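Treat the numbers as computed from the prediction; the structure is a model and nothing was measured.
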Amino acid sequence: MKEAMAGFNRQFFLYLAWLVSTVATLGSLYFSEIRGFIPCELCWYQRILMYPLALILGIGTFQNDSSVKKFVLPMAIIGWFISFYHYLIQKVPSFAEIKPCVNGVPCNAQYINWLGFVTIPFLALTAFTLIIVSMVLIKTQNTKKGI
């Protein structure tokens with residue numbers, strides 16, 4: 001019974017991470033293709049890391065293969081740091097001076113600013129955080145089982 005519950009938890013966290021990555025991917029496409037927001041340089045780096053996660057996690061979810069965490073976790077951590085840095089550039093003026101985006105849209109531009117703090121990099125940061133937490137919880141479940 002305990003092993004069945006651990007398997008359910010692994011499957012649930014895989015599914016949750018896949019759902020988050022898919023919503024993040026579709027959300028970024030909505031902002032650029034429907035709303036017409038042009039992504040800045042850091043947005044492109046975040047997309048480069050998020051889009052494959054939707055595919056990798058989708059395959060892992062539907063094949064019930066939690067070993068994808070070894071590919072997903074490093075990509076999500078790198079994406080988290082880029083999103084965090086991007087958010088700091090938007091919200092802390094002195095960070096924008098460190099490395100200004102010189103091509104196209106400036107990285108400190110805020111297309112959305114819901115509730116005074118929710119910007120597109122914040123949404124990506126939240127998605128990467130949820131994916132990281134899900135992968136860590138899968139790893140915890142595997143450790144308890146002895147995998």
Side-chain angles (χ1 to χ4, degrees), residues 6 8-145 147:
F8 170 78
N9 286 340
R10 276 193 307 279
Q11 184 66 19
F12 172 77
F13 292 127
L14 265 175
Y15 181 75
L16 177 66
W18 172 68
L19 186 64
V20 168
S21 65
T22 301
V23 168
T25 298
L26 294 174
S28 75
L29 290 171
Y30 167 78
F31 283 131
S32 63
E33 300 304 317
I34 295 173
R35 297 283 303 267
F37 300 159
I38 300 169
C40 70
E41 184 178 345
L42 291 175
C43 287
W44 277 113
Y45 295 143
Q46 292 165 71
R47 286 175 172 215
I48 288 167
L49 291 163
M50 182 62 73
Y51 288 11
L53 291 181
L55 181 63
I56 294 168
L57 286 164
I59 293 168
T61 299
F62 291 106
Q63 291 188 350
N64 197 17
D65 182 7
S66 62
S67 69
V68 297
K69 69 183 176 295
K70 63 185 167 193
F71 306 110
V72 171
L73 197 54
M75 292 173 68
I77 290 170
I78 294 167
W80 187 91
F81 278 107
I82 294 170
S83 297
F84 184 69
Y85 175 66
H86 193 183
Y87 188 66
L88 287 176
I89 286 174
Q90 287 187 330
K91 295 298 182 181
V92 181
S94 59
F95 270 90
E97 298 170 5
I98 293 174
K99 186 223 174 247
C101 292
V102 292
N103 296 329
V105 178
C107 292
N108 62 352
Q110 297 180 37
Y111 287 119
I112 63 168
N113 192 13
W114 301 330
L115 304 173
F117 71 95
V118 179
T119 63
I120 294 173
F122 181 83
L123 294 172
L125 180 65
T126 302
F128 282 122
T129 300
L130 290 171
I131 292 167
I132 290 167
V133 168
S134 295
M135 293 300 105
V136 168
L137 290 173
I138 287 171
K139 187 172 178 80
T140 303
Q141 293 296 320
N142 286 346
T143 304
K144 287 179 183 176
K145 185 179 173 188
I147 296 176

Exercise. Quick check: are there more than 12 heavy atoms from other residues, nucleotides or ligands sitting under 6.0 Å from OH of Y15?
Worked result: no

Exercise. Roughly how far apart are S21 OG and M75 CE, rounded to 0.5 Å?
Worked result: 10.0 Å

Exercise. Which atom pair, heavy atoms only, marks the closest approach of H86 to C43?
Worked result: CE1-SG, 3.4 Å

Problem set entry | L14 vs V68 side-chain heavy atoms within contact, under 4.5 Å | yes

Problem set entry | F84, CZ: over 12 other non-hydrogen atoms inside 6.0 angstrom | no

Exercise. Within a strict 4.5 Å, meaning less than it, do heavy atoms of the S66 and F13 side chains meet?
Worked result: no

Exercise. Hey, are the side chains of F128 and L53 touching, using non-hydrogen atoms and a 4.5 Å cut-off?
Worked result: yes

Exercise. Taking all atoms of both residues into account, what is the closest heavy-atom pair of D65 and S67, and its distance?
Worked result: OD1-OG, 2.5 Å

Exercise. Ring pair (Phe, Tyr, Trp, His ring centres under 6.0 Å) with Y87: which residues, sequence neighbours excluded?
Worked result: F122

For this session: Tell me, yes or no, whether the heavy-atom count around I38 atom CD1, taken from other residues, nucleotides or ligands under 6.0 Å, exceeds 12.
Result: no

Problem set entry | Y45 vs L49, side chain to side chain contact (heavy atoms under 4.5 Å, CB included): CA-CA, chis, key distance, verdict | CA-CA 6 Å; Y45 295 143; L49 291 163; 5.6 Å; no

Problem set entry | Beyond-backbone contact of R47 with W44, side-chain heavy atoms, under 4.5 angstrom | yes

Exercise. Heavy-atom distance under 4.5 Å between the side chains of P121 and Q90, does that happen here?
Worked result: yes

For this session: List the steps and the verdict of side chain to side chain contact (heavy atoms under 4.5 Å, CB included) for L137 and F12.
Result: CA-CA 10 Å; L137 290 173; F12 172 77; over 6 Å; no

For this session: Work out which heavy atom in K69 is nearest to a heavy atom in P74; give both atom names and the distance.
Result: O-CD, 4.0 Å

Seminar exercise, completed: To the nearest 0.5 Å, atom CG of L125 lies from atom OG1 of T119 at 9.0 Å

Problem set entry | Nearest-0.5 Å distance that lies between atom CD in Q46 and atom OH in Y85 | 12.0 Å

Exercise. What's the spacing between I112 CD1 and L123 CG if we round to 0.5 Å?
Worked result: 5.0 Å

Seminar exercise, completed: Here the gap from F31 atom CZ to L26 atom CG, rounded to the nearest 0.5 Å, amounts to 12.0 Å

Exercise. What are the two closest non-hydrogen atoms of V105 and A109, and how far apart are they?
Worked result: CG1-CB, 4.1 Å

Exercise. Rounded to the nearest 0.5 Å, how far apart are CD1 of I77 and OG1 of T129?
Worked result: 10.5 Å

Seminar exercise, completed: Which of I131, I132, I138 passes side chain to side chain contact (heavy atoms under 4.5 Å, CB included) with V72? Answer is I131

